[in-house]
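For reference, the structure discussed in these notes is given below.
Source: prediction; values computed, not measured. Chain naming here is simple, since letters A, B, ... match the order of the sequence lines and numbering starts at 1 in each.
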Number of protein chains: 2
Amino acid sequence: MAIPRAARTQRRTRIQEEKEEQILEAALDVFSVSGFRGSTIDQIAEVAGMSKPNLLYYFRTKEAMHRALIDRVLFTWLEPLRAFDAEGNPESEVRSYIRRKLEMARDFPRESRLFANEVLQGAPHIEDELKGPLKDLVDEKADVIRAWAKAGKIAKCDPYHLIFSIWSTTQHYADFDVQVRAVLGQDYSGAGRFEDAARFLEQLFIDGLRVKPTPSS
Amino acid sequence: MAIPRAARTQRRTRIQEEKEEQILEAALDVFSVSGFRGSTIDQIAEVAGMSKPNLLYYFRTKEAMHRALIDRVLFTWLEPLRAFDAEGNPESEVRSYIRRKLEMARDFPRESRLFANEVLQGAPHIEDELKGPLKDLVDEKADVIRAWAKAGKIAKCDPYHLIFSIWSTTQHYADFDVQVRAVLGQDYSGAGRFEDAARFLEQLFIDGLRVKPTPSS
DNA sequence: TGTAATGTTTACCAATCGGTCAAATATCCG
DNA sequence: CGGATATTTGACCGATTGGTAAACATTACA
C-alpha cells in the first residue's frame, strides 16, 4: 500500500521531485489564467499530461497545489524589492528596481497573473503573507525612501504610494497583456515594446522624483 | 405560456426593468470577485434574492448575464478618457483625468475588478471591444498627447505608455485593494488614502511630464 | 531475484454545475 | 369579476466538479 502523503517527512525519490515540478508547472499555467475557483484539477491534469488521481497522489487537494505554488513563487517575486539598496544611489536604485520588475513582467507573466488573480479575488489564500512578510518588507523599504527624501536626495513623496505605482505600472504589462496588445496592435508586441515601456517608466519616475528647485515664493 | 425572452422586442413592464437591474447588480457582485468561470448562477441568484430559474427567465444563460453587464459598464468606464480634451490645458487635463480615474476606482471598485478579471483571464468575452472601440479611443487621445509634446507643452514621451501608466496606477487601488490595505494597515484605509494617492500621482505625472530644461550638451 | 514500498490507473462517488420544464402564482386589463 | 399574460418556483436532467478506493504496475534494494 502507498504511504499516505502526509506521512512523508522528507523528499525521497527523484521521481517525486520531477512529478511535483511537472504538476506545479501545469498548475501555474491554469491557475494564472482562471484563478483558483475557475480552475479545475482536470485542466491541470491534462496540461501536466497525467491522470487526475495521479495529481492527487502528490497534492492531496486543489488547495494544496495552489498553496505550494504560491509559496514557491512568492519568495522570488519579492526579490527585486529585497534588492532595493539603502546604501545605493537613489536614482539608480529606482531605475534598476523598475527595470527588474519590468523584466519579471516580461519573463514571468504567469507568476504575475497568479498573484493578480489571487489578490483581485480578495486574497483568500495569501492574506497572512500580505499582512506579514510583504508588509514588513515594504515598511522597511519605505523607511529607506523616506530617508532619501529627508536627505534631499529625491523629491518628497509618499513612499508607499511610490512603491504601489511602480508595482502597478510594471505588472500591468503582464497582467493586462491582452489589453496592451489590443491597443498597440498585435504586430507591435515583441521586443520593442519592452524597451519602450522601460524608457517611458524610467523617465516618468526619475523626472517625477527629481528634486525640484523650490519655486521662489 | 410565457413569451420566449428572445421574442421580446422592447422593454415592457416596470417589473422587468427592476428585476434585470437587481440581477445585474448581484451579477456584478459575484463576477467582479470570482471572474466568469469562477462564478456560478446559484451564487448570483442567492445574492439577488431570487431563484435560479427566475434569473434564467431574464437572462437565458450565464454568458448573457455577463455580456449584459459588460456592455452596460464599458461605456461609462471609458467616460473619463473620452472627456480628455485636446483644447484644454495639458497639465490640468492630465491632472483631472487622473483624479477622475481615481474617483472611479474609489466609487466603482467592482466595475474595475470586473474588467480586471476579464482582461487578466485573456479577455475571452471582450476581445472585440478592446480591439475596436477602446483602441480607437486610445489612438485618438494618443494623437492629442503627441501633439502636445510636439508643441512643447509637455515633455516628449510615448503617449500609449503614458495612458497605460495612468490606468494601472489608478485602477490599482480598486483591483489590488486587499493588498493596499494589507500593506498600509487596515486602520489607514479610509478617506485619507484617496487624497494621499491623488496627491502622489498628480505630483508624479505632472512633474514627470513637465518640460525639462534641455541639458547644455 | 524476490518483495516491499512507491507510483499509476480505472472505476466510481456525492456534490455542484448550467440549464429545462411544467405547474403554480401573480399581474394586467377589459 | 375573469381570462389572458407575465412571473416565479420546485423538481429534475446530464455534465462536470473535487476527491476516493482499490486494483494494478513499477521501482528500489536486500
* Structure fact -> Rounded to whole Å, the NE2-C1' distance (A:His66 to D:dG18) equals 16 Å
* **Whole angstrom value for the distance that separates P of D:dT7 from CD of B:Glu17** => 11 Å
* Output yes when at least one side-chain N/O atom of A:Ser51 is less than 4.0 Å from OP1 or OP2 of C:dT9, else no. => yes
* To do: Please state whether the rings of B:His161 and A:Tyr173 are parallel, tilted or perpendicular, taking 30° and 60° as the class boundaries.
  => tilted
* Structure fact -> To the nearest angstrom, the CG-C1' distance between A:Leu55 and C:dG7 comes to 13 Å
* Could you give the CE-to-C1' distance, from B:Met50 to D:dT9, as a whole number of Å? -> 11 Å
Would you be so kind as to tabulate the donor-acceptor pairs closer than 3.5 Å made by side chains of residues 22-34 of chain A, with sequence neighbours excluded?
residue: A:Gln22; atom: NE2; partner: A:Ala48; partner atom: O; Å: 2.9
residue: A:Glu25; atom: OE2; partner: A:Arg110; partner atom: NH1; Å: 2.9
residue: A:Glu25; atom: OE2; partner: A:Arg110; partner atom: NH2; Å: 3.3
residue: A:Asp29; atom: OD1; partner: A:Arg110; partner atom: NH1; Å: 2.6
residue: A:Ser32; atom: OG; partner: A:Leu28; partner atom: O; Å: 2.7
residue: A:Ser32; atom: OG; partner: A:Asp29; partner atom: O; Å: 3.2

* Structure fact -> When rounded to whole Å, the CE to C1' distance for the pair A:Met65 and D:dG19 reads 10 Å
* Asked: Using 4.0 Å as the upper bound for N to carboxylate O, is an ion pair formed by B:Arg106 and B:Asp177?
  -> no
* Rounded distance (Å) that lies between atom P of C:dA26 and atom CD of B:Glu18 -> 17 Å
* Using atom CD of A:Gln16 as one end and atom C1' of C:dT8 as the other, report the distance to the nearest whole Å. => 14 Å
* To do: Report yes if some heavy atom in the side chain of B:Val180 is under 4.5 Å from a heavy atom in the side chain of A:Tyr160; otherwise report no.
  => no
* Asked: Should the pair A:Arg181 and A:Phe176 be classed as cation-pi, given the thresholds of under 6.0 Å to the six-membered ring centre and 45° from the axis?
  -> no
* **side-chain contact (heavy atoms from CB on, under 4.5 Å) partners of A:Ala105, counting only residues at least two apart** => A:Ala174
* **Closest to the B:Tyr57 side chain, choosing from D:dT8, D:dA11, C:dT9** => D:dT8
* **Contact under 4.0 Å: B:Asn54 side-chain N or O vs D:dT9 OP1/OP2** => yes
Please tabulate, one pair per line, each protein N/O and nucleotide N/O from nucleotides 14-18 of chain C that are separated by under 3.5 Å, including the distance.
residue: C:dG18; atom: OP1; partner: B:Ser39; partner atom: O; Å: 3.2
residue: C:dG18; atom: OP1; partner: B:Lys62; partner atom: NZ; Å: 3.1
residue: C:dG18; atom: OP2; partner: B:Ile41; partner atom: N; Å: 3.0
residue: C:dG18; atom: N7; partner: B:Lys52; partner atom: NZ; Å: 3.1

* **Whole-Å distance separating the CD atom of A:Glu46 from the P atom of C:dT9** => 14 Å
* When you check the gap from the basic side-chain N to the acidic O, do A:Glu195 and A:Arg99 get nearer than 4.0 Å? -> yes
